[in-house]
Amino acid sequence: MADIDAVILMLSRRNGRRKPARIQTKKRFRLHQNVQQLPDELLIERCRFDRETINYLRGLLSDKLINPYAHNHPLSVEAKICAALAYYTSNSFQTAVGNFVGVSQSTISHAVTHVTDALVELGDHFIKFPPPESHAEEKKRFSDIAGFPDVLGVVGCTHIAIRAPPGDPHTFLNHKSFHSLKVQITADVNSTITSVVARFPGSSKDCFVWRKSPMAARCAAGYLGTGHLLGGSGYPLRPWLLTPVQRPSSRAEELYNQALRKTLREVARTCRLLKKRFRCLDGARVLNCFPEKCGRIIIACCVLHNIAVARDVPLPPDDPNAQGLSRDEEEVEEDDGADEEEDTDSPQHQLGLQKRQAVIQQHFGKL
């Protein structure tokens with residue numbers, strides 16, 4: 001009996017030491033910012049887009065951003081879009097953007113990724129070259145700038161600063177001594193981006209990026225007809241891509257170069273407007289992502305840029321006026337010349353020489 005009493009006493013003491021059952025309470029979630037209640041001035045300041053355009057983006061992206069399996073008080077489509085826009089346009093770390101929307105840094109990161117992927121999927125719809133039926137009108141608009149004939153677009157490159165990627169960071173180190181992606185765009189007179197390539201390291205030559213771009217293949221296939229693009233001295237001379245005369249020896253060639261460079265400023269102006277609206281691209285703070293994701297963010301910003309241009313969304317009052325960029329800001333970033341692999345004896349180069357000379361003689365020889 002004594003043994004039984006001892007066992008009972010031991011069990012009772014053990015039960016007495018057990019912690020009481022935890023009382024479960026309802027989980028409390030952080031309150032998200034109601035986008036519909038934000039004043040228009042704050043939306044323009046933080047997102048660079050007005051309420052009407054944000055609603056337009058919601059209509060475009062809602063099918064791609066709604067997660068039917070989401071739980072635990074997920075972000076609304078409007079909040080995701082505003083979070084991504086605030087990140088693109090604030091040049092601020094994601095935690096600061098989170099304070100604006102009312103969510104954590106991890107939630108902002110997921111929102112930026114989802115919105116970026118959705119915008120990239122729409123890239124072909126918003127970033128496209130003018131169709132053949134509008135070529136005559138495009139040529140007229142470009143001719144009004146400096147009298148250069150048959151121009152359908154201008155092409156140039158700009159650097160977008162990124163963090164040094166692991167593995168081979170020296171490949172991304174450009175001639176300005178910072179790590180970047182070299183981004184090539186073509187643009188029209190209205191500063192609309194008509195093509196973009198954002199996947200090559202900052203050390204790449206303009207000529208190399210051009211040869212690997214889809215636009216080069218389209219031009220070679222005859223898509224431009226009798227028209228052509230204009231490019232800087234780093235691009236290869238082709239019948240569909242005219243470049244400056246390196247050492248002009250006549251007044252006609254000098255006039256040709258002047259008209260080409262004045263027209264070519266449209267692509268530099270487009271790059272400047274893109275970076276003014278989306279501060280994550282302006283280099284003050286690098287894009288802190290792997291290069292592939294940086295490229296997708298750049299393309300997403302290009303899609304948004306074209307939407308802003310099409311809908312006449314103004315830049316904020318504290319940013320430089322879209323009408324008055326300085327001459328220094330309009331200078332095109334050019335390589336010193338075509339890379340060493342360029343074959344100046346190729347048939348395409350010779351045809352480019354012939355077309356360039358014909359343009360000089362017919363349009364600038366009598367001025």
S.K.: Compare every heavy atom of Ala118 with every heavy atom of Leu61, then report the nearest pair and how far apart it is.
M.R.: CD2-CB, 3.9 Å

S.K.: What's the separation between atom CD1 in Ile160 and atom CZ in Phe178, rounded to the nearest 0.5 Å?
M.R.: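 That separation rounds to 8.5 Å.
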
S.K.: Going by the side-chain hydrogen bond (donor to acceptor under 3.5 Å, both in side chains) test, name the single residue among Asp282, Thr158, Thr270 that passes it with Lys275.
M.R.: Thr158

S.K.: If you take all heavy atoms of Ser180 and Asn174, which pair is closest and at what distance?
M.R.: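 Smallest interatomic distance, heavy atoms only, reads OG-ND2, 2.8 Å.
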
S.K.: Does the side chain of Ile127 reach to within under 4.5 Å of the side chain of Val303, using non-hydrogen atoms?
M.R.: yes

S.K.: Tell me, with the steps shown, if Met215 and Trp210 meet side-chain contact (heavy atoms from CB on, under 4.5 Å).
M.R.: CA-CA 8 Å; Met215 181 55 66; Trp210 166 256; 3.9 Å; yes

S.K.: Can you check whether Thr226's main-chain N or O pairs, donor with acceptor, with His135's side chain at less than 3.5 Å?
M.R.: no

S.K.: Distance check, rounded to the nearest 0.5 Å: Asn55 atom CG versus Ser62 atom OG?
M.R.: 11.5 Å

S.K.: Taking atom CZ of Arg296 and atom CD1 of Ile298, what is their separation to the nearest 0.5 Å?
M.R.: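 Answer rounded to 0.5 Å: 12.0 Å.
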
S.K.: Any chain of hydrophobic side-chain contacts (each under 4.5 Å) joining Ile145 to Ile193?
M.R.: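 Yes: a chain of side-chain contacts under 4.5 Å links Ile145 to Ile193.
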
S.K.: Could you state the interatomic distance from CG (Leu57) to NZ (Lys80), rounded to the nearest 0.5 Å?
M.R.: 15.0 Å

S.K.: Please determine whether residues Val359 and Val151 belong to a single hydrophobic cluster, defined as Ile, Leu, Val, Met, Phe, Trp and Tyr linked transitively by side-chain heavy-atom distances below 4.5 Å.
M.R.: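 Yes, one cluster joins them.
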
S.K.: Mind listing the closest non-hydrogen atom pair of Cys219 and Leu229 along with its distance?
M.R.: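 Here Cys219 and Leu229 meet closest at SG-CD1, 4.1 Å.
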
S.K.: Could you pull out the closest heavy-atom pair between Pro244 and Arg356, with the gap in Å?
M.R.: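 Result for this residue pair: O-NH1, 3.0 Å.
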
S.K.: Do you know the tightest heavy-atom contact between Cys289 and Cys294?
M.R.: O-SG, 3.5 Å

S.K.: Taking Lys139's backbone N and O only, do any of them form a donor-acceptor pair with Ser143's side chain (distance below 3.5 Å, no angle check)?
M.R.: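 Not a single qualifying donor-acceptor pair exists.
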
S.K.: Examine Leu304 and Leu65 and state if one hydrophobic cluster contains both, with Ile, Leu, Val, Met, Phe, Trp and Tyr joined whenever side-chain heavy atoms are less than 4.5 Å apart.
M.R.: yes

S.K.: Roughly how far, to the nearest 0.5 Å, is CG of Leu287 from SG of Cys301?
M.R.: 8.0 Å

S.K.: Kindly state each residue pair satisfying salt bridge (charged side-chain N to carboxylate O under 4.0 Å, His left out) with at least one member in residues 119-134, sequence neighbours excluded.
M.R.: Lys64-Glu121

S.K.: Check the orientation of Phe148 and Tyr256. Use parallel for under 30°, tilted for 30 to 60°, and perpendicular for over 60°.
M.R.: tilted

S.K.: Are the side chain of Thr186 and the backbone of Val155 linked by a donor-acceptor contact shorter than 3.5 Å?
M.R.: no

S.K.: To the nearest 0.5 Å, what is the distance between CG on Asp188 and CD on Glu138?
M.R.: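 Separation between the atoms: 5.5 Å.
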
S.K.: Can you confirm whether Gln184 sits close enough to Asp206 that some side-chain heavy atom of one is under 4.5 Å from a side-chain heavy atom of the other?
M.R.: no

S.K.: Cut-off 3.5 Å, side chains only: do Lys355 and His228 have a donor facing an acceptor?
M.R.: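 Short answer, yes.
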
S.K.: Test Ile307 against Tyr56 for side-chain contact (heavy atoms from CB on, under 4.5 Å), laying out the working first.
M.R.: CA-CA 10 Å; Ile307 291 174; Tyr56 171 76; 4.0 Å; yes

S.K.: List the steps, then state whether side chain to side chain donor-acceptor pair (under 3.5 Å) holds for Thr116 with Lys293.
M.R.: CA-CA 9 Å; Thr116 297; Lys293 185 174 182 179; over 6 Å; no

S.K.: Between Glu137 and Arg141, is there a salt bridge with N-O shorter than 4.0 Å?
M.R.: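 Result for this pair is yes, salt bridge flagged.
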
S.K.: So, is the end of the Arg163 side chain (NZ or CZ) under 6.0 Å from the ring centre of Phe290 and within 45° of the ring's axis?
M.R.: yes

S.K.: Taking all atoms of both residues into account, what is the closest heavy-atom pair of Cys271 and Ile185, and its distance?
M.R.: SG-CD1, 3.6 Å

S.K.: Looking at Lys262 and Ala146, would you say the former's side chain and the latter's main chain have a donor-acceptor pair under 3.5 Å?
M.R.: no

